[in-house]
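Take a look at the structure below.
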Amino acid sequence: MNIRVESAGFLSSVQDLGRPGFRQSGVPLGGALDSHALRVANALVGNGDEAAGLEVTFGTLRLSFADDRAIAWCGAPFSVRVGDQPIPAGRVAEVRAGRELTMIAPTSGGRAWLAISGGIDVPLVLGSRATDLRGNFGGLEGRALRDGDMIGLGKEARLPSRPPQSNGGLETAAPWGAPAGWAALGKGEPILRVVRGTDWDRFTAAAQRSLVSGRFTVTRDSDRMGVRLEGPELERCDHGDLLSEAVAPGTIQVPPNGKPIVLLNDCQTVGGYPKIAHVTTVDLPLAAQLFPGDTVRFGEVTLAEAQMLLREREQDFARFRVGLSLHRR
């Protein structure tokens, strides 16, 4: 079965957890900019972590369904509804055949991730269904969704427990769901925790202090590849040429103008700019919600602390999946 894209919004694409293992060939990781949000939404509808969903950015996405499916979404404060029935973030709901799902992005910018039971069924490319918008491969013909597109859905596994229905027969969200901090990320001035990068000592003491004490503003020249920032100039101690080295999502590079760039999932695999720091994995969801005009700060943690934060989140996610399994019995 499939869904029809009635309105594609500004930038909606098929994404999963990306393409690990191909960076030596110059293929970026790609995938959902907030992989945790997509994993949570997939768990809610009974999919595995690897299932593909939709990443929605700006505008209005409208989908019509050919058969009954469970859906869940996580991310920025979108307005989401099935018909006239609102669907909160982090809750599972059922969309009946012939009905429409509408997702309206906040005017201040934001991204959300939608999971549908069975997952999005598009061809695997290098082991992933993610759309590489720069390379024009993966997803649906290697591009963003367009009005009128038909998207295949996989055969769904056992559906989660059916959510209750209102008196009018409209679909409503289940009373249980994901923790609030996983389901929805509100606007504000986030503090991204960072560990020191391999080139930390190439920067002046003033630049090091500015990184973890200053306020930075997101510029218009930002996309899925990276977030460019205006703020205190981060000056180097030396100005010699550097060899290009591996970079990854979360790496903070500083070009000669001293204005940092936080790399995101579609970033290149190597880079020659010095790497002053790296955003912790658990805070990449906050970086994924940064849009032009937003402000952001950074706070330093040790590598051991960053690893502990990730372990704790993974342990919590494992317990979350166990809890969901109890609802499906």
Does anything in residues 287-296 form a side chain to side chain donor-acceptor pair (under 3.5 Å)? List the pairs, not counting sequence neighbours.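 Listed once each, the pairs are K187-D294, E189-T295.
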Could you name each residue pair satisfying side chain to side chain donor-acceptor pair (under 3.5 Å) that touches residues 71-82, not counting sequence neighbours?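 Output for this query is empty, none listed.
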Under a single-linkage definition using a 4.5 Å side-chain heavy-atom cutoff for Ile, Leu, Val, Met, Phe, Trp and Tyr, are [X] and [Y] assigned to the same hydrophobic cluster?
X    : Y    : value
I276 : V296 : yes
I87  : F78  : yes
L38  : L44  : no
V301 : L286 : no
W113 : V80  : no

I'd like to know if the side chain of [X] and the backbone of [Y] have a donor-acceptor N/O pair within less than 3.5 Å.
X    : Y    : answer
D199 : K275 : yes
N47  : G118 : yes
D34  : A288 : no
S117 : V45  : no
Q85  : V82  : no

Just jot down the salt bridge (Lys or Arg N to Asp or Glu O under 4.0 Å) partners of D67, sequence neighbours excluded, or say none.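 R69.
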I'd like to check the ring pair (Phe, Tyr, Trp, His ring centres under 6.0 Å) partners of F203; sequence neighbours left out, ordered by chain and number.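 Checked F203 against ring pair (Phe, Tyr, Trp, His ring centres under 6.0 Å); zero matches.
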For F22, which residues count as a ring pair (Phe, Tyr, Trp, His ring centres under 6.0 Å) partner, sequence neighbours excluded?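 Per chain and number, F22 pairs via ring pair (Phe, Tyr, Trp, His ring centres under 6.0 Å) with no residue.
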With rounding to the nearest 0.5 angstrom, report the [atom1] to [atom2] distance, [X] to [Y].
X    : Y    : atom1 : atom2 : result
I3   : I116 : CD1   : CD1   : 3.5 Å
L140 : R146 : CG    : CZ    : 8.5 Å
S12  : M103 : OG    : CE    : 8.0 Å
R143 : L11  : CZ    : CG    : 12.0 Å
I104 : T60  : CD1   : OG1   : 4.5 Å
C267 : R134 : SG    : CZ    : 10.5 Å

Verdict with supporting geometry, D201 and Q208, side-chain contact (heavy atoms from CB on, under 4.5 Å): CA-CA 9 Å; D201 291 331; Q208 295 168 354; 4.1 Å; yes
Shortest non-hydrogen contact between [X] and [Y], atoms and distance:
X    : Y    : answer
S35  : L17  : CB-CD2, 3.8 Å
A277 : L211 : CB-CD2, 3.9 Å
N257 : K259 : OD1-N, 2.9 Å
A144 : L133 : N-CD2, 3.6 Å
E50  : D16  : O-CB, 3.8 Å
N265 : A32  : ND2-O, 3.1 Å

Residue that, paired with S64, satisfies side-chain hydrogen bond (donor to acceptor under 3.5 Å, both in side chains) out of E6, R99, E100: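 Of E6, R99, E100, side-chain hydrogen bond (donor to acceptor under 3.5 Å, both in side chains) with S64 is met by E6 alone.
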Heavy-atom distance under 4.5 Å between the side chains of [X] and [Y], does that happen here?
X    : Y    : answer
I71  : L114 : yes
L185 : P285 : yes
L54  : L63  : yes
V125 : R19  : yes
L310 : T280 : no
I120 : R129 : no
D49  : R321 : yes
L229 : I261 : no

Could you tell me whether Y273 atom OH has more than 12 heavy atoms of other residues or ligands within 6.0 Å of it?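 No, OH of Y273 has 12 or fewer neighbouring heavy atoms, counting only those of other groups under 6.0 Å.
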Steps toward side-chain contact (heavy atoms from CB on, under 4.5 Å) verdict (R111, L33): CA-CA 9 Å; R111 292 184 173 95; L33 292 186; 3.4 Å; yes
For residues 190-198, which side-chain donor-acceptor pairs fall under 3.5 Å, sequence neighbours excluded?
from: R193; atom 1: NE; to: D283; atom 2: OD2; distance (Å): 2.9
from: R193; atom 1: NH2; to: D283; atom 2: OD1; distance (Å): 2.9
from: R196; atom 1: NE; to: E300; atom 2: OE2; distance (Å): 2.6

So, are R319 and D316 salt-bridged, with charged N and O less than 4.0 Å apart?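 Judged by the 4.0 Å cut-off on N to carboxylate O distance, R319 and D316 do form a salt bridge.
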Hey, are D221 and R228 close enough for a salt bridge, meaning a charged N less than 4.0 Å from a carboxylate O?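 Result for this pair is yes, salt bridge flagged.
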Working note: V254 + R236, criterion side-chain contact (heavy atoms from CB on, under 4.5 Å); need CA distance, chi angles, decisive distance, verdict. CA-CA 9 Å; V254 183; R236 286 174 56 181; 5.9 Å; no
Mutual orientation of the aromatic rings belonging to F317 and W182 [parallel < 30°, tilted 30-60°, perpendicular > 60°]: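 The rings of F317 and W182 sit tilted, inter-plane angle from 30° to 60°.
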Check step by step if side-chain contact (heavy atoms from CB on, under 4.5 Å) holds for V27 and F137. CA-CA 11 Å; V27 179; F137 63 88; 4.2 Å; yes
